[in-house]
Number of protein chains: 2
Amino acid sequence: MSLRYALLAVLTAQPMTGYDLARTFHASVGHVWNAPNSQIYPELHRMEHDELIAGEDVTWGSRGTKRRYSITDAGIGAFRAWMTQPLDYAPERDPAHLKAAYFEWTDADSAREQLRRHAELYRERRGQWMGQLALVRDREHPLVRQRLEIFDAADHDRIVAFKVFAYEGLVAQADQEIAWAERGLALIDSLADHHR
Amino acid sequence: MSLRYALLAVLTAQPMTGYDLARTFHASVGHVWNAPNSQIYPELHRMEHDELIAGEDVTWGSRGTKRRYSITDAGIGAFRAWMTQPLDYAPERDPAHLKAAYFEWTDADSAREQLRRHAELYRERRGQWMGQLALVRDREHPLVRQRLEIFDAADHDRIVAFKVFAYEGLVAQADQEIAWAERGLALIDSLADHHR
DNA sequence: TATACCATGTAATAAGTTACATGATTTG
DNA sequence: CAAATCATGTAACTTATTACATGGTATA
């Protein structure tokens with residue numbers, strides 16, 4: 001159900017088409033939430049049906065049209081209600097750590113390769129998050145800028161501070177995963193040494 | 001598809017009934033993977049059909065029977081293949097950080113309450129992981145003990161080391177989440193001060 | 001005018017959740 | 001003999017993934 005609120009979150013800043021939302025997801029919010037357009041489009045239809053968003057057809061080129069969605073008052077209410085209500089956490093499900101616990105079932109090279117990939121993945125995510133973080137901090141992030149325009153200047157610091165806080169948390173997560181993978185690589189090396 | 005391999009991982013140590021697997025999931029592997037029995041029982045049927053596990057009816061009490069599953073050679077092969085093959089990581093999906101990025105949409109009390117819950121959840125997980133970690137390290141963990149019996153003594157250190165490594169990673173994750181939530185609480189306090 | 005990008009979906013599966021349902025066995 | 005635990009599921013639903021499908025617009 002969080003997809004719906006992730007979409008509403010973006011639409012609180014400005015109206016968008018399904019395509020824009022999918023792109024935004026991929027480029028910015030996507031690092032916290034991701035969804036393919038085959039999930040976004042049907043959800044937008046359901047949200048419009050529930051009157052959380054209003055769609056209007058906008059002409060595009062000579063013949064084409066596209067549908068731009070704006071959040072409604074009911075949508076803002078629903079988003080605010082979700083924001084206030086405590087989150088119900090999903091049960092833990094961590095295939096990377098599950099596999100690591102059973103590394104005796106594969107060879108050292110494969111285990112090393114998997115840990116290197118793990119580190120690599122989080123280095124990449126870390127880089128993307130750092131990029132977003134810099135844009136938010138400097139108030140050059142397009143969505144954040146848009147958001148600041150519709151909010152009172154007194155709120156600007158809070159808005160930016162919360163986004164910085166969230167991204168910093170994600171960067172710290174990535175750092176942790178990179179460090180863990182590196183400890184794993186060292187462990188495998190030490191076990192290999194021991195064998196000689 | 002990882003559920004299947006999580007089940008196989010447990011069954012490499014010893015044969016078990018569906019009920020035992022569900023319980024083991026909840027009590028030990030469950031901190032890395034969790035599943036309700038309504039997901040476990042059908043999956044066991046499919047795995048038996050695919051001949052990764054073999055079920056046998058065991059008498060239980062005077063009239064009852066229960067079905068105990070053992071991993072087959074094909075099952076061991078499938079598990080080893082999965083262990084060797086690189087993991088395909090699921091796209092990021094993190095409602096807690098998503099919400100934190102939009103805390104301006106709720107009041108300070110609600111935001112604080114959510115961060116407190118976040119810290120509390122990870123403190124609890126941390127405690128469970130530390131418990132498992134101690135059992136594994138001291139080789140008193142029932143499943144690990146069972147596993148050590150069927151493996152050569154030369155492999156014991158590796159087996160324990162990988163499990164310790166995996167659990168230590170989870171503990172570090174929990175520490176990170178707790179620290180993040182506490183930074184968030186401090187941030188909210190400082191924003192509230194600023195308002196006065 | 002070809003290529004990249006914008007735009008919107010459907011269909012089929014797979015995976016996961018929630019609620020319900022039933023009955024035997026063991027233990028205090 | 002009551003309560004806790006062991007044991008095994010089905011049904012309905014929601015969520016997410018993968019693959020496919022189509023066509024318009026902008027730009028070099």
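Naming: A, B, ... by sequence-line order, numbering from 1 per chain. Reckoned from all heavy atoms, side chains included, excluding hydrogens, waters and symmetry mates.
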query: Between R68(A) (CZ) and dC6(C) (P), how many Å, whole number?
result: 14 Å

- request: From the options dA7(C), dG24(D), dT8(D), select the nucleotide whose nearest atom is closest to the side chain of Y41(B).
  value: dT8(D)

- request: Over 60° means perpendicular and under 30° means parallel, so classify the ring planes of W105(A) and F79(B), tilted if in between.
  value: perpendicular

task: Specify the separation, in whole Å, of atom CZ of F25(A) and atom C1' of dT8(C).
output: 17 Å

field: Between Q114(A) and Q85(B): side-chain donor-acceptor atoms closer than 3.5 Å
entry: no

field: Toward the 5' end of DNA chain D, by each residue's nearest nucleotide, L3(A) or R63(A)
entry: L3(A)

message: Expressed as a whole number of angstroms, how long is the span from M16(A):CE to dT8(C):P?
response: 13 Å

- prompt: Within the pair R46(A) and dT14(D), is there a side-chain N or O less than 4.0 Å away from OP1 or OP2?
  reply: no

- prompt: So which one's nearest nucleotide on DNA chain D is more toward 5', G18(B) or P91(B)?
  reply: G18(B)

message: Can you identify which nucleotide, out of dT8(D), dT25(D), dT8(C), has its nearest atom closest to the S62(A) side chain?
response: dT25(D)

Dump the pairs, protein N or O against N or O of nucleotides 18-23 of chain D, anything under 3.5 Å, distances to one decimal.
{"from": "dT18(D)", "atom 1": "O4", "to": "S38(A)", "atom 2": "OG", "distance (Å)": "2.6"}

message: Can you measure R23(B) atom CZ to dA7(D) atom P for me and round it to whole angstrom units?
response: 7 Å

- request: Determine whether more than 12 heavy atoms belonging to other residues, nucleotides or ligands lie under 6.0 Å from atom CG of D57(B).
  value: yes

message: Please report the distance, rounded to the nearest Å, between CD1 in I40(A) and P in dT10(C).
response: 15 Å

message: What is the separation between atom OH on Y19(A) and atom P on dG24(D), rounded to the nearest whole Å?
response: 16 Å

task: Assign R4(B) to base, sugar-phosphate, or nothing according to its heavy-atom contacts below 4.0 angstrom with the strands shown.
output: nothing

- request: Would you mind reading off the distance between D20(A) atom CG and dT25(D) atom C1', rounded to a whole angstrom?
  value: 14 Å

task: Return yes if a side-chain donor-acceptor contact under 3.5 Å exists between T106(B) and T84(A), otherwise no.
output: yes

Spacing of L7(A) atom CG and Q39(A) atom CD [to the nearest 0.5 Å]: 9.0 Å

Side chain of Y69(A) - closest among dG9(C), dG24(D), dT8(D): dG9(C)

message: If the condition is ring pair (Phe, Tyr, Trp, His ring centres under 6.0 Å), which residues does H97(A) pass it with, not counting sequence neighbours?
response: W180(A)

Separation of atom CG in L44(A) from atom C1' in dT10(C), rounded to whole Å: 16 Å

message: If you count every heavy atom of other residues, nucleotides or ligands that lies below 6.0 Å from R139(B) atom CZ, does the total exceed 12?
response: yes

- request: Taking only the side-chain nitrogens and oxygens of H45(A), find out if one of them lies under 4.0 Å from OP1 or OP2 of dT8(C).
  value: no

